[in-house]
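All remarks here apply to the structure that follows.
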Amino acid sequence: MTTMTAAQRRERDKADFDAYMEACPTHQLVGILGNKWSAMILGRLAGGARRYAELARTMPGVSAKMLTQTLRSLERDGLVSRSVTPSVPVQVEYTLTLLGERIIPLVTAMHRWADHNIDEIHAARARYDAATTAS
């Protein structure tokens with residue numbers, strides 16, 4: 001029987017935990033929705049199909065590169081579908097998939113919760129920061 005040092009046990013436990021977190025469905029979902037623009041794009045598409053330019057106009061803070069990357073990521077995750085209409089210029093339209101439609105209640109609930117509770121979070125942060133700076 002081989003004995004392990006405390007450092008070896010910690011390393012093994014960390015590797016086990018990392019593997020668990022990588023496979024954890026909730027952690028994966030938070031990774032998708034935690035993207036800076038994902039929830040906003042999903043919310044915009046909840047109102048119906050949108051062309052790329054329309055999405056870009058409704059989110060002036062997002063760069064073209066980030067919008068494209070986020071849309072591709074949401075498409076890869078099966079939440080958004082992309083259709084191209086061959087015309088001049090080419091028209092690209094994005095819609096929610098059935099899976100994307102099923103996530104909208106969660107996104108809406110998160111939005112509503114944030115609207116009702118973010119002031120309390122800001123106040124708690126201010127109290128914490130004031131207490132830790134005072135000590």
Side-chain angles (χ1 to χ4, degrees):
M1 176 173 173
T2 332
T3 58
M4 297 174 83
T5 65
Q8 289 170 326
R9 279 193 304 279
R10 280 192 303 274
E11 194 62 35
R12 181 203 61 207
D13 292 347
K14 181 185 179 316
D16 290 346
F17 183 75
D18 288 348
Y20 164 77
M21 288 301 287
E22 191 172 315
C24 175
T26 304
H27 182 72
Q28 292 174 42
L29 180 61
V30 168
I32 293 167
L33 294 179
N35 173 293
K36 185 174 182 177
W37 301 105
S38 291
M40 189 175 289
I41 290 170
L42 291 169
R44 296 293 193 273
L45 293 176
R50 301 276 181 124
R51 290 179 48 197
Y52 179 90
E54 250 185 296
L55 284 169
R57 270 194 307 278
T58 65
M59 298 184 301
V62 65
S63 69
K65 178 183 176 184
M66 277 311 303
L67 180 58
T68 299
Q69 284 179 350
T70 306
L71 284 164
R72 283 183 184 157
S73 179
L74 292 170
E75 184 180 6
R76 179 176 180 253
D77 292 333
L79 300 171
V80 169
S81 68
R82 176 181 186 265
S83 61
V84 178
T85 305
S87 60
V88 179
V90 171
Q91 292 183 9
V92 179
E93 189 175 77
Y94 294 90
T95 56
L96 291 176
T97 62
L98 183 57
L99 183 62
E101 289 173 6
R102 291 197 319 249
I103 203 169
I104 293 303
L106 176 61
V107 173
T108 303
M110 285 175 33
H111 179 78
R112 193 173 302 122
W113 189 93
D115 282 349
H116 289 101
N117 295 285
I118 199 66
D119 289 340
E120 287 184 54
I121 291 174
H122 291 162
R125 286 178 180 173
R127 285 190 306 274
Y128 179 89
D129 292 347
T132 55
T133 343
S135 10

Check for a donor-acceptor pair, side chain of [X] on one end and backbone N or O of [Y] on the other, with a separation under 3.5 Å.
{"X": "Gln8", "Y": "Thr5", "result": "yes"}
{"X": "Glu101", "Y": "Ala46", "result": "no"}
{"X": "His111", "Y": "Val107", "result": "no"}
{"X": "Thr70", "Y": "Leu67", "result": "no"}
{"X": "Gln69", "Y": "Met66", "result": "no"}

Are Leu42 and Trp113 connected, step by step, through hydrophobic side chains (Ile, Leu, Val, Met, Phe, Trp, Tyr) whose heavy atoms are closer than 4.5 Å?
->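 No; tracing contacts between hydrophobic side chains, which count when under 4.5 Å, never links both residues.
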
Applying the 4.5 Å side-chain criterion to the ILVMFWY set and letting contacts propagate, would Val30 and Met40 be lumped into a single cluster?
-> no

Is [X] atom [atom1] crowded by more than 12 heavy atoms from other residues, nucleotides or ligands, each under 6.0 Å away?
{"X": "Glu11", "atom1": "CD", "answer": "no"}
{"X": "Arg12", "atom1": "CZ", "answer": "yes"}
{"X": "His122", "atom1": "NE2", "answer": "yes"}

Could you grab the distance from atom [atom1] of [X] to atom [atom2] of [Y], nearest 0.5 Å is fine?
{"X": "Glu54", "Y": "Leu45", "atom1": "CD", "atom2": "CG", "result": "9.5 Å"}
{"X": "Trp37", "Y": "Arg44", "atom1": "CH2", "atom2": "CZ", "result": "9.5 Å"}
{"X": "Glu22", "Y": "His27", "atom1": "CD", "atom2": "NE2", "result": "8.5 Å"}
{"X": "Tyr128", "Y": "Thr133", "atom1": "OH", "atom2": "OG1", "result": "9.5 Å"}

Not counting sequence neighbours, which residues clear side chain to side chain donor-acceptor pair (under 3.5 Å) with Asp13? List them please.
->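 Expected list: none.
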
Not counting sequence neighbours, which residues clear side chain to side chain donor-acceptor pair (under 3.5 Å) with Arg50? List them please.
-> none

Yes or no on side chain to side chain contact (heavy atoms under 4.5 Å, CB included) for Ile103 and Leu33, after CA distance, side-chain angles and deciding distance?
-> CA-CA 10 Å; Ile103 203 169; Leu33 294 179; 4.0 Å; yes

pair Ser73-Asp77: side-chain heavy atoms closer than 4.5 Å =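 A side-chain contact exists here, since the closest heavy-atom pair is under 4.5 Å.
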
Kindly indicate, with the supporting measurements, whether the criterion side chain to side chain contact (heavy atoms under 4.5 Å, CB included) is fulfilled by Ile32 and Leu74.
-> CA-CA 8 Å; Ile32 293 167; Leu74 292 170; 4.2 Å; yes

Extract all donor-acceptor atom pairs below 3.5 Å that involve side chains of residues 89-100 and protein atoms in other chains or at least two apart in sequence.
residue	atom	partner	partner atom	Å
Tyr94	OH	Arg82	NE	3.3
Thr95	OG1	Ser81	OG	2.8
Thr97	OG1	Gly78	O	2.5
Thr97	OG1	Leu79	O	3.3
Thr97	OG1	Leu99	N	3.4
Thr97	OG1	Gly100	N	3.1

